[in-house]
Amino acid sequence: MRVQKIALEEHMALPENVEKAAKYLRGRPELRDRMLDNRDQLLADMDAAGIELTVLSLQADGIQEILDRQNAIDTARRANDFLAEKVAKHPTRFQAFAAVPLQDPEAASRELIRCVKELGFKGVLVNGYTQMGTPDTISYYDQSEFWDFFATVESLEVPFYLHARDPVPASARNLQGHPWLWQSRWAFGVETATHALRMMASGLFDKYPKLTVILGHLGEMLPNFMWRIDHRIRAWPSDPPIPIQRRMTDYFQNNFYITTAGNFSTTTLMNAIQWMGVDRLMFSVDYPFEKISQAAEWFDGLEVVGEADWNKMARTNAEKLLKLNVPGRKTASA
Ligand code: GRE
Ligand code: ZN
């Protein structure tokens, strides 16, 4: 029998951050309401699609685009309290990933500890690099100032979801003049894949071998390229060499999980399963940017995986990774 699904890359906005997220909503005003607070519609869509539980997170670019350190700290706290309220109303249907102010890594650690230990959050979701001071002053999470934060993530045994965002315009001349290349059509994937590679190549996962990172969109193209990356690193070492103990692929296969958010391609899914193993794939939608019904119709119609593997991707992999203990576990008749 097939189990009910869990979805992990599903976004909400605080009223105060929906205006900034408007850059992603041009021509799609209905998404604004869905991102704000239409939980009844979301619950109805989840019911119709066989999704029992949705893990909510703050919409991109969220805390990461707040240039002022104290404002980032305060907004993250408000966002997490807001998410906690949504969870408290329907704890069997909603859980949450924390937003964290990495403009101040120590404050981010404290906020994550509060979210996990006091609010019961299941992990942390970050929308790409952090900006601080000026829009072009950005930090990537391979940088050493974040490693104590990752020690906290590892010790709490929660996953770190590296969500997509656009590159800073100043460093993206190759996209200029071609608006279609930006955002989820292409730039998100390249930006996020590069960020994940930076983390893999930094030694972070040698220091924190139990740290787990989730990528959406069926792995941001990385399953297609890991072989060549390792092949060319060996054939053509860089100067200085990469300070890691294992192959890049080893970190990808042992420290990363991948969701189907926003990428409903059966061929790409099969490729990701071949790279990662079915235990590291998890269903997701990418609400409100994707239709829940479309994601579920695709996933429910998959004929290339057997029922045991389907159930892992639909639910049990996420249950284990997030240590979910949802009472009254239901099954679907599909
Ligand atoms: C996403 O969360 O994947 C997303 C955005 C903004 C625009 C499109 C999109 O955050 O898919
Ligand atoms: Zn998303």
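Numbering of ligands and ligand atoms starts at 1, following listing order. Bear in mind that the values here come from a model prediction, so they are computed numbers and not experimental data.
- Numbered from 1 in the order shown, with element, the atoms of ligand 1 that lie under 4.0 Å from a heavy atom of S184 read 8 (C), 9 (C), 11 (O).
- The Y24 neighbourhood of ligand 1 comprises atoms 6 (C), 7 (C), with distances under 4.0 Å to a heavy atom of that residue.
- Here is the list of ligand 1 atoms found below 4.0 Å of a heavy atom in H11: 2 (O).
- Side-chain atoms of H195 and D142 form no donor-acceptor pair, as typed in the model, at a separation below 3.5 Å.
- Ligand 1 lies within reach of E9, whose nearest heavy atom is under 4.0 Å from it.
- Ring geometry for F252 against F256 counts as tilted: the plane angle lies between 30° and 60°, on a 0 to 90° scale.
- Look at D47 and R93 and you find a salt bridge, because one of the NZ, NE, NH1 or NH2 atoms lies within 4.0 Å of a carboxylate O, short of that distance.
- In summary, an N, O or S atom of D286 is located under 2.8 Å from the Zn ion (ligand 2).
- Residues Y24 and Q183 bring no donor and acceptor atom of their side chains to less than 3.5 Å of each other.
- Y208 has its ring centre no less than 6.0 Å from the ring centre of F150.
- Note on ring orientation: taking the six-membered ring where Trp is involved, the planes of F188 and H163 are perpendicular (angle over 60°, cut-offs 30° and 60°).
- In summary, the atoms of ligand 1 found under 4.0 Å from a heavy atom of D286, numbered by their order in the structure, are 1 (C), 2 (O), 3 (O), 11 (O).
- Atom numbering of ligand 1 starts at 1 in the shown order; those under 4.0 Å from a heavy atom of A60 are 10 (O).
- Nearest approach of S139 to Q143, heavy atoms of both residues: CA-OE1, 3.5 Å.
- Here the protein heavy atom with the shortest distance to atom 4 (C) of ligand 1 is F289 CD1, 3.4 Å.
- Judged by distance alone, with hydrogens and angles left aside, the side-chain atoms of R246 form no donor-acceptor pair with the main-chain N or O of Y251 at under 3.5 Å.
- As for H163, its N/O/S atom nearest the Zn ion (ligand 2) is the one called NE2.
- The protein non-hydrogen atom at the shortest distance from atom 10 (O) of ligand 1 is Q59 NE2, 3.1 Å.
- Of the heavy atoms in H163, only side-chain atoms (C-beta onward) come closer than 4.0 Å to ligand 1.
- Checking T266 against W298 by side-chain atom types alone, a donor-acceptor pair falls below 3.5 Å.
- Checked against the Zn ion (ligand 2), the N, O or S atom of E9 at the shortest distance is OE2.
- In summary, the atoms of ligand 1 found under 4.0 Å from a heavy atom of H217, numbered by their order in the structure, are 3 (O).
- Not one N/O/S atom of H217, from backbone or side chain, sits under 2.8 Å from the Zn ion (ligand 2).
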